[in-house]
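Worksheet for the structure shown next.
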Number of protein chains: 2
Amino acid sequence: MAQRHLDPTAGPVPADALAGYLRAQATEFLRALRLHRETGAGAAASEGSVEAARALRRAARRVSGSLHTFQPVLDPDWSEAMRPELAWVSGTLALEHAHASRLQQLLLALHRLSGAAPFPPQGPAAGTTARTAAPPLPRDRPAPAGSAPATVPAGATGTAPGRTGTAPCDTPAPADGTPGTTDTAGRATTGRTTPARATPVTAGAAAVRTGTMTDAPGRGSTATAAAGTRGSALAVAAGGAVPAPDRGNLTVGAAKAGALLDRQLTLARTRAHSTALQALGSSRFHAVADKVAVLASEVPLSPAAAGADLRPLADAARDRLTDAVAALPLLTAGSPYNAEALIHGLSPDPAPHPQDAPWHQVRLLLRLHRYALEVVHAGRHPGSLLDAGEALDRHRDAAEAAAAAAQAARTPRIAPATAYALGVLHADQRHEVEAARYAFQRCWQKEVIGTL
Amino acid sequence: MAQRHLDPTAGPVPADALAGYLRAQATEFLRALRLHRETGAGAAASEGSVEAARALRRAARRVSGSLHTFQPVLDPDWSEAMRPELAWVSGTLALEHAHASRLQQLLLALHRLSGAAPFPPQGPAAGTTARTAAPPLPRDRPAPAGSAPATVPAGATGTAPGRTGTAPCDTPAPADGTPGTTDTAGRATTGRTTPARATPVTAGAAAVRTGTMTDAPGRGSTATAAAGTRGSALAVAAGGAVPAPDRGNLTVGAAKAGALLDRQLTLARTRAHSTALQALGSSRFHAVADKVAVLASEVPLSPAAAGADLRPLADAARDRLTDAVAALPLLTAGSPYNAEALIHGLSPDPAPHPQDAPWHQVRLLLRLHRYALEVVHAGRHPGSLLDAGEALDRHRDAAEAAAAAAQAARTPRIAPATAYALGVLHADQRHEVEAARYAFQRCWQKEVIGTL
């Protein structure tokens, strides 16, 4: 795409805008860090500590992304030293959450595929049909059912759509710059929220699953994690039919698959939790925090920053995005049920799908574009960008969930019924990948027509 | 729907039109029967015998359907005795073909899911990308890719859509009254055709699979069938990785799943073949053939037929269809990736999906509506009806293929890898069910807007 200004009528944007943005994000980072230390003091994960960890990641991503996009106006030595450290922080903190939400997503899918009520109905889910998981739509928007082509009134369908967000672009979105959903209790942030599990039998596992990183001494949190692992191991030993009432409708295979995934992903989550705790206590992290504290008051600009315009740099970030999107198979993605995402569903290659990589890349470029808009437009950017980003988050989550199901199926000595359920689950998540691509394609059409 | 005439400007249609139609179909039945006896004399199934069996079924369905729709103007005793016999003929003859095409569909899907070329490229498939099965589109229409919303030129997508017919209504269709594809060698008739398998190792199985009912003495055809069964049993014994070059890219699980399905469905096909041969030689069939021979010259109309108008009866058939379609969850079906079809993918109930039944019912009612139009409009009806019917054929085929995969997964002592592949296959076919519903919904929208 040729150089096209974000807003041709606006004048140049001085480097001061970047300095202000970086200072604000650095301040946010420090605030989140303080909050995290305060809220994470207990043995149990609190909502506050989860929220604080999220805010930490969020600020680290924004600083790191801005250093990349606006590198020419920043001190090169400083920014080159800073960026990998920030990426390390956000990456390390993200891992635990990723395992937890992946497990949540897979267990929800297993329940949906079994035609069972996902969990004892409570709160907002109580009013929906029992057959479907019926997760609330992203960011509690009104259901997009009314926007679909219809000949029959909604009441005649009998069932609610089992997946979210096939038409997320058709509803107005707040353009407040908040990345993703507002996560309150360590649940899935990618367009899915679930009522908390509160049944006695699985309460241990649920505590591990919903609890996320704390500053608690390692022993306490490890004990909690071990209880959860033991709980699910016990469920497997008891013949696979997990006795919790919320799993009563699962087949043996689905229940065993759920227990297997629970064990494997809880173990991974526990490891990620320990790693994150170690990282936050390390001298490496303290060095990052010190640098961010300096950044909060003084941004090391390069000599070239005086009189420089940030707009061309932001435009370049946008062009990198549009180029990457142009290389995507959007034509295929826009044709529903193209069966493209599952095409290697039984491939002998256990590596991640090569076809996913360009989409993951666009996800990162879209994020950089959004952050650049936040710098240049002082926080404002079109809400459709959020929808497109959310679709790509769904894409990433489903791709990784599908890989986790395939990985679990390679566990030695599992029962055929377990493997069968994991196969269905894998295919389901790969179709979710396809659905997310379709959703992104729709969002992008609007984006191209709209402002960009 | 209120009584609305098919064509308000046209006058009443006398019972003679029905008599003419029934005579023509009866003649066609006798012609096909004669052709079948002539072509099916050899031990191997010939193209002619397959085509003859298809024509037999086709005529039997039309006579039977017309007897139902226009019952008031026909001799009640005669038509009530005739209909179940014709249904028995077409049902018995259809079974063998159904097993053969189901196996073909599942093996194709296994290859597609493995990302492997389905069979050694030859003929029309040679020019397509090796990654996709890329079956030709229904009835050799131009690919609908150009009709999908596009931002990227087709060349940039890199891959061809792996499924057919997501937009079958967007291309012109011949309104010649031909049901489905023109089947030339016993291959799948529901929008999928495949190059014949001609590799030496699987030639035996292929002969059984593509060969369909013949009039040959039972011993000859049974010997062929046994050779095919032995061939695939041998493949399984050889470690699951079927040594044929066209399966070289399959994983062990996919290859074993394919061999298992091959054994089970070939056995079912062989049994259906024997049953069909027995039926065609039975006195019950000879009685039906005698009655059809009488019908070819004289149609037993009721006294009420004199001066009766066929139009209200045809309208009633159409209203039964529109009522049934109105009860379908078309709103859900029209929203892509609703994940509705797989919702009971892991349900413990092995029975067919209850959610499929209304769609199967609409498929039958649509057929009756089409035959009624053929009577009233002397063979002409809108081509979009064919597309809608084709979508429902796809729906039925995919639902039954998914059930066959689930059934195979219940075979005792299969390997986990086999079960995993069958799970992926099952989910894939259930998504094909969902895709077919989406396609039908689109066709029906056009139908409602169009003539109906």
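Order of the sequence lines fixes the chain letters, A, B, ..., with proteins taken first and strands second; residue numbering starts at 1 for each chain.
For the set P416(A), A419(A), G253(A), the count of heavy-atom pairs under 4.5 angstrom toward chain B peaks at A419(A). Per-residue counts of heavy-atom pairs under 4.5 Å with chain A were compared for A333(B), A109(B), A421(B); the largest is that of A421(B). Of the listed residues L425(A), L422(A), T418(A), the one with more heavy-atom pairs under 4.5 angstrom with chain B than any other is L422(A).
Across all their heavy atoms, A408(A) and L260(A) have their closest contact at O-CD2, 3.6 Å.
Side-chain contact between F440(B) and L330(B) is present, with at least one heavy-atom pair separated by less than 4.5 Å.
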Item to check | D428(B) vs R112(B), salt bridge (Lys or Arg N to Asp or Glu O under 4.0 Å): CA-CA, chis, key distance, verdict | outcome: CA-CA 10 Å; D428(B) 175 70; R112(B) 175 167 49 76; 2.8 Å; yes
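In this structure, chain A has heavy atoms under 4.5 Å from both the backbone and the side chain of A406(B).
Using a 4.0 Å cut-off between charged side-chain N and carboxylate O, D262(B) and K256(B) make no salt bridge.
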